[in-house]
Protein chains: 2
Amino acid sequence: MSRRSGILEFAVLGLLRESPMHGYELRKRLNTSLGVFRAFSYGTLYPCLKSLVANGWLVEEAGSAPEDARAASMAGRRAKIVYRLTAEGKEHFEELLSHTGPDTWEDEHFAARFAFFGQTSRDVRMRVLEGRRSRLEERLEKMRASLARTRERLDDYTLELQRHGMESVEREVRWLNELIESERAGRDKRPGPDQ
Amino acid sequence: MSRRSGILEFAVLGLLRESPMHGYELRKRLNTSLGVFRAFSYGTLYPCLKSLVANGWLVEEAGSAPEDARAASMAGRRAKIVYRLTAEGKEHFEELLSHTGPDTWEDEHFAARFAFFGQTSRDVRMRVLEGRRSRLEERLEKMRASLARTRERLDDYTLELQRHGMESVEREVRWLNELIESERAGRDKRPGPDQ
DNA sequence: AATTTCATGTAATTCGTTACATGATTCC
DNA sequence: GGAATCATGTAACGAATTACATGAAATT
């Protein structure tokens, strides 16, 4: 069946696992609670929800309207449609959570995975974290190599852009190092009484 | 006239302004010299080149092959096609360079603009830099607000993700501050006798 | 009463990738 | 002579957006 974006599907399933919600609210939480996710539009979200229902992973329930949502819709009126995760949906999400493939270290994918770390076992967390780190280290290696090859021919601005880009990646690697360290030590919280 | 991606078009024009190139090399330089750009695929690049030719902004020239590239192509053989910026193309790029709209502060767009700062006048650079900064400050404000609203309901990992995200944005703002400062002082090593 | 925000959806369009197909050149 | 890399292109598909369309509920 049609369009299922992987990352959106994953995020929706993960959010609905905590509590049932309707589409509008779901969309807000993709930006706020999960902060890092970009704002998917309704044109993306609603068809995705329909598709998840068709897969049996979600069910539509009556919202705050007095009548049943679907019946009301058919009669011309519209009401909130609250989506709830089914047992199959839960199982499917569990499966997605335990899967750690190369795609998982991708920028956006990684953020989504991280946001649901609370629902994951430690060894999965470690695999995701370490995979992400080595992916970033590869990227860093390429940047260094290309910089070494072309340094002279570049003007100051291009150079500065590259320098800043590399520094950003290096910074994320250090962050991952701390997190991995922290996982190894068996702590969930970050060390340091700062804040 | 079909698909023209804005950012890819801009980058291609900018790279060809420095020197003529063929498609394959162009693609490499989109990743390396301009480091920050993502790797556009050939399926995107070649149709884009055709479209730019159709607009009269580029012309195809014979590559390293002894015969003319187009003639050779028609005869069944293929040779490198070197693209060169026309006078109209130059003019068009100049126009794109001087345009500073809200879209310009967008993540990828901004990186592309920055990569060609060397070809820009100082006041355009200032507008782009300052626009980018205020865009980031807005984003930061939203993040802070949403964090204040939902802090209690979030688990440690989600919190950590948001904290790191905000820190990244704050870091880029500091970077922009330095650059703007530097532009104001006029002491960035750029050759003053622009034009 | 009017406006804003909540709420759901569809159609057309944009932007870009993957997979495929072809062939030249360079290196071992 | 076989592999890797260089080089160009097309067709099918994918992911997501925008613009449109509708209407209910809350706020001013």
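Chain letters run A, B, ... following the sequence lines, proteins first and then strands; every chain starts at 1.
- dT17(D) atom C1' lies 13 Å from atom CG of Leu8(A), rounded to whole Å.
- In this structure, Lys80(B) does not reach the dT8(D) phosphate: none of its side-chain N or O atoms is under 4.0 Å from OP1 or OP2.
- Ranking dT17(D), dT8(D), dG9(C) by closeness to the Thr44(A) side chain, first place goes to dT17(D).
- Rounded to an integer number of Å, the gap from CZ of Phe40(A) to C1' of dT18(D) is 16 Å.
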Might you list the N or O atoms of the protein lying below 3.5 Å from N or O atoms in nucleotides 3-5 of chain C, with each pair's distance?
none

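- Atom CD in Glu108(B) sits about 19 Å away from atom P in dT14(C), given to the nearest Å.
- Salt bridge Lys90(B)/Glu94(B): absent, no basic N to carboxylate O contact under 4.0 Å.
- Per the geometry, CG belonging to Leu49(B) stands 9 Å off P belonging to dT8(D), to the nearest Å.
- Rounded to whole Å, atom C1' of dT8(C) lies 15 Å from atom NZ of Lys28(A).
- You'll find that the side chain of Ile81(B) is closest to dG9(D), out of dG9(D), dT17(D), dG9(C).
- Across Leu13(A), Leu30(A), Leu52(A), a single residue satisfies side chain to side chain contact (heavy atoms under 4.5 Å, CB included) together with Leu8(A), and that is Leu30(A).
- Considering only the side chain of Arg38(B), dT17(C) comes nearest among dT8(C), dT17(C), dA7(D).
- Between the side chains of Ser168(A) and Arg171(B), at least one donor-acceptor pair of N or O atoms lies under 3.5 Å.
- Taking the side chain of Tyr42(B) as heavy atoms from C-beta on, and the options dG9(C), dT17(C), dT8(D), the nearest nucleotide is dT8(D).
- Here CG of Leu129(B) is found 8.0 Å from CZ of Arg133(B). Values are rounded to the nearest 0.5 Å.
- The closest side-chain heavy-atom distance from Arg125(B) to Thr100(B) is not below 4.5 Å.
- As rounded to whole Å, 12 Å separates atom P of dA7(D) from atom CE of Met21(B).
- Distance alone, capped at 3.5 Å, places no donor-acceptor pair between the Arg127(A) side chain and the Arg122(A) backbone.
- Distance alone, capped at 3.5 Å, is enough to place a donor-acceptor pair between the Arg27(A) side chain and the Phe40(A) backbone.
- Between the C1' atom of dC6(D) and the CG atom of Leu45(B) lies a distance of 14 Å, rounded to the nearest Å.
- Between the two ends of the helix from dA1(C)-dT28(D) to dC28(C)-dG1(D), each summarised by a five-pair axis, the helix axis turns through 40° (rounded to 10 degrees).
- Taking atom NE2 of residue His22(B) and atom P of nucleotide dG9(D), one finds them 12 Å apart after rounding to whole Å.
- Among Arg84(B), Lys50(B), His22(B), the single residue meeting the side chain to side chain contact (heavy atoms under 4.5 Å, CB included) criterion with Glu60(B) is Lys50(B).
- By the 4.5 Å heavy-atom criterion applied to side chains, Tyr83(A) and Glu25(A) are not counted as neighbours.
- Between the CZ atom of Arg139(B) and the CG atom of Asp107(B) there is a distance of 4.5 Å, given to the nearest 0.5 Å.
- Here dG9(C) is the nucleotide among dC6(D), dG9(C), dG16(C) with the atom lying nearest to any side-chain atom of Tyr46(A).
- Comparing atom distances between the Lys50(A) side chain and each of dG9(C), dT18(D), dT17(C) picks out dG9(C) as nearest.
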